[in-house]
Amino acid sequence: MDDRERLAAFVRRLPKAELHLHLEGTLEPELALGIAQRNGLSLPFPDVDTARAAYRFRDLSSFLNVYYAMTGVLRTEQDFYDLTWSYLTRAAEDNVRHVEPFFDPQAHLSRGIPFGILVTGILLALEDAEEHLGITSRLIMCFLRDQPPEEAMTVLETAHRYRDRIAGVGLDSAEAGFPPERFSDVFARAAAYGMRRVAHAGEEGPPAYIAASLDVLGAERIDHGVRCLEDPALTERLALERVPLTVCPLSNVRLHVVETMAEHPLKRMLEAGLLVTVNSDDPAYFGGYLVDNYVEAALALGLSEHDLVTLAENSFRASFLDEATKARHVEAVRAAAAG
Ligand code: ADE
Ligand code: ZN
């Protein structure tokens, strides 16, 4: 067994939660092709190999163009079920025990797909995962930050009748030039509805977007947040307040947030005492699922087994599970690491 295989076996053994995962970003070209065929549509690419070969991105927005184009094949409740279920079965292989996935309603509502269709397909798959795979979940609905906040407010109201099945709201899509403040009313309304709040910040946007996500949106968790290290005072605050950061190493390399994995700030973030977690973001596009993200980061940055255990424990600590359940999962991580 080489180092990579040994590390992968160790990481796979650890129970883990995944907290930064876009369901639309798990659409593998093979599944997209099958869904396109049954819906009488064509893929934005002539075949699966051409699609994969085209997955070389300059930056976040060049990726998002492909991501939104591929989501165009998703039409029916069954499509959203299959998308979610195929991710969950793959996550089970990685020993993911809990997931808090994102979905982007506006990417589908804008194509005329009713909210009830997509959310029902997703929720049925999440229920089946709990029953058949033992994977628990909390679903998070993201607003597209490059679209008008009024549209997000309409989506929030549309989602209201599903509010006991949608745990929280998030903010994603093109970041630079779209500061969090625009969504203060939407997030305040979501909070009034009792929803949890997270936001992408500090991926391609500046550290100020991280601070504003906390102060203006009331975000309880920051998605990415890797650029926090540019601001030492902010880094200290995030560490002191134990603000969870959902880091996505392979995504950051593929979208040129960092040029190589060896330059990735994950290890420095751990050393700064931050509550960091490792996640796969859009695994169908970035070359790996959850275990791959742990392993590639560990190999390039020289993470120890102790670091990997901390990251797995953090994934539960940073989740929206209740404290007793978090404690049980953290114990299970320790037992798996020792055993
Ligand atoms: N939507 C899907 N993946 C994303 C990412 N990494 N950043 C912002 N929006 C996204
Ligand atoms: Zn993301």
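Keep in mind that what you see is a predicted model, and the values were worked out from it rather than measured. Ligands are counted one by one from 1 in listed order, and the atoms in each one are counted from 1 as well.
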Next on the checklist: Among Tyr68, Phe286, Tyr55, which residue satisfies the ring-ring contact (aromatic ring centres under 6.0 Å, His included) criterion with Phe63?
Outcome noted: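 Going through Tyr68, Phe286, Tyr55 one by one, the ring-ring contact (aromatic ring centres under 6.0 Å, His included) with Phe63 is satisfied by Phe286 alone.
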
Nearest-contact summary for [atom] - protein heavy atom, Å:
| atom | answer |
| --- | --- |
| atom 6 (N) of ligand 1 | Asp281 OD2, 2.7 Å |
| atom 7 (N) of ligand 1 | Glu203 OE1, 2.8 Å |
| atom 3 (N) of ligand 1 | Asp282 OD2, 2.7 Å |
| atom 4 (C) of ligand 1 | His22 NE2, 3.5 Å |

Checklist entry - At a non-hydrogen distance cut-off of under 4.0 Å, which region of His224 contacts ligand 1 (side chain, backbone, both, or neither)? => result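 It is the side chain that gets close, since no backbone atom is under 4.0 Å.
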
Next on the checklist: Taking 4.0 Å as the limit for heavy-atom contacts, which would you say applies to Leu60 with ligand 1: side chain only, backbone only, both, or neither?
Outcome noted: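 Only the side chain of Leu60 comes within reach of ligand 1.
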
Next on the checklist: Can you name the atoms of ligand 1, numbered from 1 with element, that are less than 4.0 Å from a heavy atom of Leu64?
Outcome noted: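 By the 4.0 Å cutoff, the relevant atoms are 1 (N), 10 (C).
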
Next on the checklist: In the structure I gave you, are the side-chain heavy atoms of Ser137 and Glu100 within less than 4.5 Å of one another anywhere?
Outcome noted: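 Heavy-atom side-chain distance check fails, nothing below 4.5 Å.
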
Item to check | the Zn ion (ligand 2) to nearest N/O/S of His224 below 2.8 Å | outcome: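 Of the N, O and S atoms in His224, none lies under 2.8 Å from the Zn ion (ligand 2), which means no.
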
Item to check | N, O or S atom of Cys248 closer to the Zn ion (ligand 2) than 2.8 Å | outcome: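 Short answer: no, not a single N, O or S atom is under the cut-off.
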
For the pair [X] (side chain) and [Y] (backbone), establish whether a donor and an acceptor sit closer than 3.5 Å, ignoring hydrogens and angles.
| X | Y | answer |
| --- | --- | --- |
| Arg227 | Glu204 | yes |
| Glu5 | Asp2 | yes |
| Ser315 | Ala17 | yes |
| Asp281 | Leu21 | no |

Item to check | Winner among Cys248, Ser173, Gly25 once heavy atoms are compared against atom 9 (N) of ligand 1 | outcome: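 When every heavy atom of Cys248, Ser173, Gly25 is considered, Ser173 comes closest to atom 9 (N) of ligand 1.
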
Checklist entry - Which value, rounded to 10°, describes the OD1(Asp281)-the Zn ion (ligand 2)-NE2(His20) angle? => result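 With the Zn ion (ligand 2) as the vertex, OD1 (Asp281) and NE2 (His20) sit 80° apart.
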
Checklist entry - Under a heavy-atom criterion of less than 4.0 Å, does Phe63 contact ligand 1? => result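 Contact check Phe63 vs ligand 1: positive.
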
Next on the checklist: Any donor-acceptor pair under 3.5 Å linking the side-chain atoms of His98 with those of Thr136?
Outcome noted: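 Yes - a donor-acceptor pair under 3.5 Å links their side chains.
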
Next on the checklist: Checking side chain to side chain donor-acceptor pair (under 3.5 Å) between Gln106 and each of Arg111, Glu151, Gln147, which is the one that passes?
Outcome noted: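 Among the candidates, only Glu151 passes.
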
